[in-house]
Asks: 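Here you go, one structure.
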Amino acid sequence: MNYISVQNINNLSDWVKDALKIKKNPLKNKKLGKHKTLGMLFFNPSLRTRLSTQKAALNLGMNVMVMNFTNEGWTLEFEDGAIMNKGASEHIKEAAEVVSQYCDIVAIRAFAGLVDKEKDNAETVLAGFLKYATVPIVNMEGCTGHPLQSLADAITMEEHKTAHRPKVVLSWAPHPRALPQAVANSFVEMMQLQDADFVITHPEGYELNPEITKDSKIEYDQDKAFENADFIYTKNWSNYNDYGKITNSDPNWTVNAAKMALTNNAKFMHCLPVRRNVVVADEVLDSENSIVIEQANNRTYAAQLVLQKILKNEQ
Amino acid sequence: MNYISVQNINNLSDWVKDALKIKKNPLKNKKLGKHKTLGMLFFNPSLRTRLSTQKAALNLGMNVMVMNFTNEGWTLEFEDGAIMNKGASEHIKEAAEVVSQYCDIVAIRAFAGLVDKEKDNAETVLAGFLKYATVPIVNMEGCTGHPLQSLADAITMEEHKTAHRPKVVLSWAPHPRALPQAVANSFVEMMQLQDADFVITHPEGYELNPEITKDSKIEYDQDKAFENADFIYTKNWSNYNDYGKITNSDPNWTVNAAKMALTNNAKFMHCLPVRRNVVVADEVLDSENSIVIEQANNRTYAAQLVLQKILKNEQ
Amino acid sequence: MNYISVQNINNLSDWVKDALKIKKNPLKNKKLGKHKTLGMLFFNPSLRTRLSTQKAALNLGMNVMVMNFTNEGWTLEFEDGAIMNKGASEHIKEAAEVVSQYCDIVAIRAFAGLVDKEKDNAETVLAGFLKYATVPIVNMEGCTGHPLQSLADAITMEEHKTAHRPKVVLSWAPHPRALPQAVANSFVEMMQLQDADFVITHPEGYELNPEITKDSKIEYDQDKAFENADFIYTKNWSNYNDYGKITNSDPNWTVNAAKMALTNNAKFMHCLPVRRNVVVADEVLDSENSIVIEQANNRTYAAQLVLQKILKNEQ
């Protein structure tokens with residue numbers, strides 16, 4: 001199996017239960033990955049993903065080989081039939097086939113360029129590895145999704161949810177740099193697998209890809225969206241329609257204590273890294289209701305569950 | 001022992017047999033390297049060499065410490081007696097002596113600069129480590145040779161050769177960037193250890209170092225060279241006489257199906273990374289006769305044999 | 001416990017004895033760190049520290065995860081209350097809390113910027129991790145100290161000292177680049193824990209932070225300082241008063257054979273990397289009295305002692 005998208009989760013509730021079991025006893029399967037090698041290929045920076053995925057592999061007894069394509073390797077060509085007389089030294093076909101021979105699982109991080117929507121939606125790097133690699137592929141954040149994050153988010157919500165059907169709000173917030181839609185997209189897809197009162201709130205014009213949001217509820221009034229919420233998941237993304245552009249930086253969308261007061265004592269979530277006092281005020285991030293650190297902790301168990309399933313050849 | 005050059009192979013046929021045994025059972029010596037550390041020092045980018053050598057060490061139970069000198073360490077001085085008041089922070093003498101204390105084997109990649117022929121031929125970095133290190137040194141591609149590649153090439157040819165004495169052709173091909181002669185040099189030296197009908201073909205003026213080619217046959221007519229060949233090994237190199245320059249980029253030297261049709265159904269080999277449709281046409285690289293991926297796979301077993309011999313203190 | 005400063009050494013003599021025991025049998029505690037993870041975070045280049053600390057962790061059976069913040073991760077914000085709309089993507093609070101969840105010990109290298117004395121003295125990065133991390137922190141060279149180096153220095157001096165109370169000289173030497181005071185500071189602090197005739201020598205105006213030197217003897221005449229010395233520890237530092245500036249590059253301060261002849265056949269020490277024929281002449285560095293390579297070797301055992309104490313929760 002590959003883990004490319006939240007759509008690869010066949011039963012979210014079971015996966016979350018299994019991940020929580022791993023969290024209680026992370027070394028239970030410490031020999032499962034013996035003599036197996038995880039190759040982690042980075043085309044972009046990473047802190048949490050880099051360390052938590054590596055930690056997950058170590059918990060399973062795997063070997064880990066880390067490679068930064070930005071400065072350690074060759075520039076890759078992704079187009080079939082290309083006449084390679086420009087900058088790229090190696091075609092994805094050879095790179096993927098070769099790496100597959102040294103690794104039992106290959107994990108890849110390759111962000112959206114946010115210039116060419118079609119190219120980003122095609123997930124050039126991940127699709128190239130999927131097409132040519134002969135071992136399972138794990139998505140450590142592609143152009144359009146970050147499914148390890150969303151699985152960690154689901155685990156964290158399970159730990160913090162109260163008895164009733166929760167109201168979960170995904171709220172856009174301003175940010176000084178243009179960011180991908182990947183985290184928001186995967187969160188939406190993950191929420192669509194759950195029974196919850198799910199609302200997306202963002203300024204008009206900041207709609208995510210409608211093929212992902214489908215019939216998820218959109219509320220343009222952030223205050224109204226926050227009413228009675230149990231979880232506020234905040235994340236900036238750049239404009240999807242005016243692709244990759246920042247067309248709004250309204251500080252009124254920053255999540256602060258006044259806004260949190262509208263909720264049902266909601267937990268505050270964010271995937272990190274987060275811009276303090278731009279995306280969210282210190283008073284919220286440093287409050288008892290913030291569960292962002294636990295979210296990051298659960299990245300290890302999300303990754304470990306995925307690696308474990310691949311090693312056990314489960315689906 | 002060190003593994004610096006193909007000349008360090010005392011019996012190629014035995015080495016190839018031993019490597020093929022390792023390939024059948026890569027974990028047979030999984031405890032041989034226990035508590036031993038391989039230090040991998042990179043002065044240049046690397047994909048196959050980085051991952052296959054690391055994999056080989058892991059198969060032997062070794063610890064691996066990887067270091068990129070380009071961005072993680074200090075700039076080195078190689079000249080004896082230098083007054084070090086310029087860019088270099090550390091002399092190779094200290095660097096090599098110090099690293100020898102943390103590692104049981106040190107592997108080094110340091111490409112030719114292609115500007116100063118004499119300096120490249122002196123193999124400044126490798127020679128510095130050889131002079132001052134107190135542990136075995138492995139060449140992961142120097143200025144003038146890539147003996148781990150050539151050992152993998154020999155293994156791959158052994159797997160694919162038919163009964164008769166094979167005809168093996170090393171063919172130059174065009175390339176948009178100036179490349180070192182290292183791979184070609186080591187391939188020539190390795191072929192000189194074999195019983196084969198070996199021919200080098202390249203445009204006039206592109207002769208490799210005659211001290212390496214010695215009496216190996218050179219044929220300037222590529223078509224004639226390809227006739228009845230069993231193996232076509234293609235590789236670009238920059239001009240050795242007009243040192244480091246690209247003096248020819250004739251697309252007629254690109255290996256395509258028409259040229260392969262002249263051969264005895266030859267296998268196509270290349271060390272990778274390869275520029276598609278510049279060095280070789282897709283129709284050849286994607287054909288059944290292409291064995292480049294298996295070549296890359298055999299890099300692991302070539303490296304493992306070398307590390308194993310060093311750990312066992314064999315020659 | 002944390003290991004941030006030489007002040008964290010509660011009994012230097014005992015620590016040195018324990019380190020020498022480790023040196024005799026480095027694998028004695030090879031299972032102590034099983035399933036424990038050392039995170040090594042680099043904000044600056046490193047050779048000795050990188051490899052020796054990693055080797056120490058491997059000797060204890062630990063897993064190691066290495067991360068270069070300069071090119072692999074996010075830029076960090078260290079100011080509380082900052083409105084993060086500039087370059088920094090993540091606040092130290094989240095970074096430290098998150099990394100603490102993936103690692104059992106976190107080691108950090110973050111040099112002085114040598115522009116803002118107050119900021120450097122505040123040890124922004126280390127202090128941030130100390131404030132927010134929830135696991136032990138090891139200083140792999142901060143702005144104002146390099147205590148792993150000084151512990152290795154103490155071990156090396158113990159190995160080479162003769163019967164009597166030694167005379168130890170810390171001598172400034174010229175250098176083409178502005179360097180931090182960290183190594184000199186920690187050496188001074190370490191010497192203050194020893195019974196020795198300790199003298200610091202440097203040009204007038206090059207005084208180290210008086211809060212560190214306290215009542216340590218300062219002698220502006222290098223020749224006079226060298227008289228009858230048993231150990232010459234040479235190190236450049238930039239001006240502390242005219243902060244971070246090079247106000248002296250007098251080649252008369254270079255340590256050469258004539259100066260060493262003034263000593264009591266002194267051992268020559270330096271933390272490396274060292275600028276040959278600027279800081280010290282080849283004739284001294286290559287002499288039998290030079291113990292710089294052994295100093296570097298002892299970095300492994302200094303680091304191993306610190307990690308071992310943390311793992312055993314000793315002080």
Side-chain angles (χ1 to χ4, degrees), chain A residues 23 26-27 30 40 42 44-64 66-68 70-72 109 174-177 179 249 251 254 270-283 285-286 290 292-301 303, chain C residues 31 33-43 45 54 57-58 61-107 128-129 131-135:
Chain A
K23 187 173 182 175
L27 296 174
K30 68 189 177 197
M40 295 174 63
F42 290 96
N44 298 96
S46 176
L47 169 62
R48 270 153 290 278
T49 300
R50 182 184 296 270
L51 297 181
S52 65
T53 309
Q54 214 170 325
K55 182 67 181 293
L58 294 171
N59 282 346
L60 292 165
M62 297 187 82
N63 295 318
V64 179
V66 178
M67 178 157 178
N68 299 301
T70 34
N71 57 359
E72 295 179 348
R109 164 163 283 205
H175 196 285
R177 287 182 55 215
L179 296 188
S249 51
T254 302
H270 189 283
C271 60
L272 305 181
V274 67
R275 300 271 184 152
R276 284 176 166 259
N277 303 310
V278 178
V279 168
V280 55
D282 283 348
E283 62 198 15
L285 197 60
D286 295 334
S290 170
V292 299
I293 302 300
E294 200 53 37
Q295 256 181 287
N297 188 25
N298 286 330
R299 292 292 308 275
T300 301
Y301 311 110
Chain C
K31 290 186 176 171
K34 209 175 172 186
H35 302 308
K36 301 281 183 185
T37 302
L38 172 67
M40 294 175 64
L41 310 185
F42 290 96
F43 292 84
Q54 213 170 325
L58 294 171
M62 297 187 81
N63 294 318
V64 179
M65 303 199 294
V66 179
M67 177 157 179
N68 298 301
F69 263 80
T70 34
N71 56 358
E72 296 179 346
W74 309 105
T75 308
L76 296 186
E77 171 66 54
F78 292 92
E79 206 167 320
D80 284 335
I83 298 167
M84 291 173 58
N85 56 5
K86 302 260 170 56
S89 299
E90 176 144 43
H91 197 276
I92 177 66
K93 185 171 193 292
E94 278 71 58
E97 289 181 4
V98 163
V99 168
S100 297
Q101 299 182 114
Y102 308 142
C103 302
D104 298 282
I105 303 174
V106 172
F129 276 94
K131 184 171 176 185
Y132 293 117
T134 55
V135 297

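Just so it is clear, the model here is predicted, and its values are computed rather than measured.
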Asks: Heavy-atom cut-off 4.5 Å, strictly under: side chain, backbone, both or neither for C/Asn71 against chain A?
Replies: side chain

Asks: When rounded to the nearest 0.5 angstrom, what is the spacing between CE in C/Met62 and CG in A/Leu58?
Replies: 11.5 Å

Asks: Among the options A/Asn297, A/Asn277, A/Val279, pick out the one with the most heavy-atom pairs lying under 4.5 Å from chain C.
Replies: A/Asn297

Asks: Between C/Met67 and chain A, with a heavy-atom cut-off of 4.5 Å, which part of the residue counts as in contact: side chain, backbone, both or neither?
Replies: side chain

Asks: The test is side-chain contact (heavy atoms from CB on, under 4.5 Å); show your working for A/Arg48 and C/Glu90 and say whether it passes.
Replies: CA-CA 11 Å; A/Arg48 270 153 290 278; C/Glu90 176 144 43; 2.8 Å; yes

Asks: Is it the side chain or the backbone of A/Pro176 that comes within 4.5 Å of chain C heavy atoms, both, or neither?
Replies: side chain

Asks: Taking every heavy-atom pair that is under 4.5 Å apart, which of C/Gly73, C/Gly39, C/Ala82, C/Ser89 has the most such pairs with chain A?
Replies: C/Ser89

Asks: Mind ranking A/Val292, A/Asp282, A/Val66, A/Val274 by heavy-atom pairs under 4.5 Å with chain C and telling me who comes out on top?
Replies: A/Val274

Asks: Are the side chain of A/Arg275 and the backbone of C/Ile83 linked by a donor-acceptor contact shorter than 3.5 Å?
Replies: no

Asks: Counting only non-hydrogen atoms closer than 4.5 Å, does C/Thr37 touch chain A with its backbone (N, CA, C, O), its side chain (CB onward), both, or neither?
Replies: side chain

Asks: Are any of the side-chain heavy atoms of C/Tyr102 and A/Gln54 separated by less than 4.5 Å?
Replies: no

Asks: Are any non-hydrogen side-chain atoms of A/Ile293 and C/Gln101 less than 4.5 angstrom apart?
Replies: yes

Asks: If you look at every heavy atom in A/Pro45 and C/Trp74, which pair is closest and at what distance?
Replies: O-CZ2, 4.0 Å

Asks: Taking C-beta and beyond as the side chain, do A/Leu285 and C/Glu94 meet within less than 4.5 Å on heavy atoms?
Replies: yes

Asks: Salt bridge between A/Arg276 and C/Glu77, side-chain N to carboxylate O under 4.0 Å?
Replies: no

Asks: Should we count NZ of C/Lys36 as having more than 12 external heavy atoms under 6.0 Å?
Replies: no

Asks: Mind checking the CG-CG spacing from C/Leu41 to A/Leu47? Nearest 0.5 Å is all I need.
Replies: 8.0 Å

Asks: Does any part of the side chain of C/Lys93, heavy atoms only, come nearer than 4.5 Å to the side chain of A/Asp286, both counted from C-beta?
Replies: yes

Asks: How far does CG of A/Asn68 sit from CG of C/Asn68, to the nearest 0.5 angstrom?
Replies: 8.0 Å

